[in-house]
Amino acid sequence: MSAVNVTDVHVDEDGVRARADGDVVLDVCFDGRRVWSFRLPRDGEQTGAGNRQLAWPTELHRFLHGVTRFSLVDHLRKEVIFETELRLGTSPSSSERIAVVDEGGRPLGVDKSGRLAQMFDTRTSHDVAPLLDSIEEVLRALAAAGVQAFAAYGTLLGAVRERRLIGHDSDADLAYVSAHSTPVDVVLESFALQRKLADMGYATTRYSGAAFRVGVTEADGSNRGLDVFAGFLRDGHLNLMGEVRAPFRREWVLPLATCLLEGRVLPAPANADAFLAATYGESWRVPDPAFKFSTPESTKRRLGGWFRGTRAKRTKWASIYRTHPFTPAALEPSAFARWVVEREGVATPIVDIGCGRGGDAYWMAERGAAVIGLDYVVSATREAARIAERRNLPVEFRFFNLAELRSVLGGSARIAHTPGPRIVTARHLVDTTGEIGRANLWRAVEMMLRDGGRCYLEFLVRGGRGEDFVRANLLKPLPMQQVVSELVARGAQVVHDEVQQIRNESTRGSRRIGRLVVEWNR
Amino acid sequence: MTRGGRRTPGAPAADDASTADRIHALETQVAELAAEVQECRALNLRLAELVDIVQELLLPVSMQDKEKVAELMERYTRSVG
């Protein structure tokens, strides 16, 4: 392979700039450790005269204060192309070494999706042993549940190419090819498999109708994901969540063969070469930490249409909570919560849908109400739950996803199962969820208020452009009349409505906030 | 394009206009059909969710009260059809 010349390298607060006379994958290292990789010229923005500019990945921003030995390394040739002592930021801590680590001091890097993760190249075999144990255990559980699963995506690639976990990867992937050929049956099967693993005590998270993640704790307490992807054959093609649709034969998968990963024998597709070519294209043998899927639009449409739609900004919210750590201020009540308690007192049980970090739920429980806080990023409520438990407050937090009908119907039925009237609150939820989310919210509220009670809503009606609050909460204005019409169409009655204007001194603008109280009279 | 004869530069030919109209109509139709296909595909997940919850949760919970189930079934079947 001929060397690609990388020249005119410059690095500063904005990112990295360089020029390459060919296709090259570059590793960015801080004090000799890889924290990010990119590919030139593909990933760079043209800045004239052949130079390409790469902005620092968003997830790295909070670490970029201090000093580091910056080096740019040709990933395949392992050659240092450029090296310099780099100082970033102007804060008092900027004389310290930059440390891209988690709260436990464990090294992090930017993965192929732009998220911070603990890459396998920083892990010892002792660290990853629990993950490998879990891979074997989950494979056995999947086999017992009737599907023949195997190592897939990066895990298969690592096994076939290097017999080890890929250094620049951060999770493990399993897949199976369903015996079903209709998407609805494939989804039902995936639901059943997730239930089986949850019954075994694993923490699971659903990503789509055909993929879920199994949470695994490594030897040093790090959390690692084990993704289980469903595939199925139809019209001579393998459709594999989440990126693959390719001409394929069942005998390329079954009967399963084996591969060797970190000294363990794992099941692999009968024809791993064909499987990897279908997954990554014919260039799968060449390592590429900056790899990006170039999935055809038709494949995205098919897989998305059949299986996706239940995440609905969940990843974005999870990222917001992750990058803005909890502070005690999060437990302060909103003006909305004070208003609800003023009107209702505290005796009636309260359900707070879309509770975020759980501040309002926590405060209302402090006032003596039995509160259930519902959210689809349930990890955001961890601190509120911990403090409430210590103080013996009557608040409980549960997972609830407005974009997932099973969650809406099951979660609402569970709440309605306890008889009696209740108060349901939803602050800045109708103005951040979409049309499907709102329809499911009305359905959920109606179910929860089966025995009476009231629902309190607060949302952005107009304005707020450029305001931090509106941006941070991903709000989109929703006319009062539209919300009222939707509720009335579902049989609700509006018993109170008001609009407040809130001025913003910094933007010199204002936003209008609508409040509604609704009931269902049966 | 014109079929034979010359047209004044800059003046649209009737054929060009009708071809453009037809292409525009077909593009609109393809976009509508694509949206309809996506709607149909999305029903897979919705149906699976409904089947799953009925099978796993609602039916077993309801079955504890046989009279109530019978009453609900009767009411339901009366409302369908």
Side-chain angles (χ1 to χ4, degrees), chain A residues 178 180-196 198-199 206-211 230 232 234 239 241 297-312 401-414 416-418 435-436 439-440 443 447, chain B residues 1 12-13 15-81:
Chain A
S178 175
H180 300 291
S181 57
T182 309
V184 64
D185 293 324
V186 175
V187 176
L188 277 166
E189 183 178 50
S190 178
F191 287 164
L193 292 172
Q194 182 185 8
R195 228 177 343 259
K196 273 210 161 87
D199 287 346
R206 180 151 289 281
Y207 280 119
S208 70
F232 68 104
R234 188 181 164 116
N239 301 277
M241 202 67 190
E297 283 304 315
S298 58
T299 301
K300 286 186 191 168
R301 278 201 306 272
R302 279 189 169 90
L303 296 176
W306 287 325
F307 303 120
R308 290 197 168 104
T310 54
R311 295 292 292 175
N401 182 1
L402 282 176
E404 201 175 344
L405 203 53
R406 292 188 311 157
S407 177
V408 171
L409 296 178
S412 306
R414 189 176 163 204
H417 195 61
T418 305
E435 204 176 323
I436 291 172
N440 279 337
R443 193 187 310 278
M447 286 173 76
Chain B
M1 296 293 268
D15 279 4
D16 280 359
S18 72
T19 303
D21 284 350
R22 273 179 50 219
I23 289 171
H24 180 69
L26 285 169
E27 280 173 349
T28 307
Q29 200 179 352
V30 167
E32 281 170 2
L33 288 170
E36 286 168 16
V37 168
Q38 284 307 85
E39 269 179 46
C40 293
R41 284 184 177 138
L43 290 177
N44 279 279
L45 184 52
R46 285 238 143 175
L47 179 57
E49 289 200 283
L50 280 171
V51 171
D52 191 70
I53 194 165
V54 168
Q55 191 177 316
E56 295 297 323
L57 185 63
L58 297 186
L59 203 53
V61 166
S62 308
M63 288 300 278
Q64 288 183 7
D65 187 339
K66 288 190 176 172
E67 274 182 30
K68 202 166 182 182
V69 170
E71 183 195 316
L72 282 172
M73 295 273 278
E74 202 245 333
R75 264 174 56 197
Y76 181 72
T77 46
R78 260 196 293 124
S79 71
V80 178

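Model, not experiment: these values are computed from the prediction. So that the names make sense, note that chain A is the first sequence line, chain B the second, and so on, each numbered from 1.
Of the two parts of Leu303(A), neither the backbone nor the side chain holds a non-hydrogen atom closer than 4.5 Å to a non-hydrogen atom of chain B.
Contacts of residues 44-52 of chain B with chain A at a heavy-atom distance below 4.5 Å involve Asn44(B), Leu45(B), Arg46(B), Leu47(B), Ala48(B), Glu49(B), Leu50(B), Val51(B), Asp52(B), listed in sequence order.
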I'd like a table of donor-acceptor pairs (distance under 3.5 Å, sequence neighbours excluded) in which one partner is a side-chain atom from residues 184-192 of chain A, with atom names and distances.
residue   : atom : partner   : partner atom : Å
Glu189(A) : OE1  : Ser178(A) : OG           : 2.7
Ser190(A) : OG   : Arg206(A) : NH1          : 3.2
Ser190(A) : OG   : Arg206(A) : NH2          : 3.0

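Taking all atoms of both residues into account, the shortest heavy-atom contact from Arg41(B) to Arg302(A) is NH2-CG, 3.4 Å.
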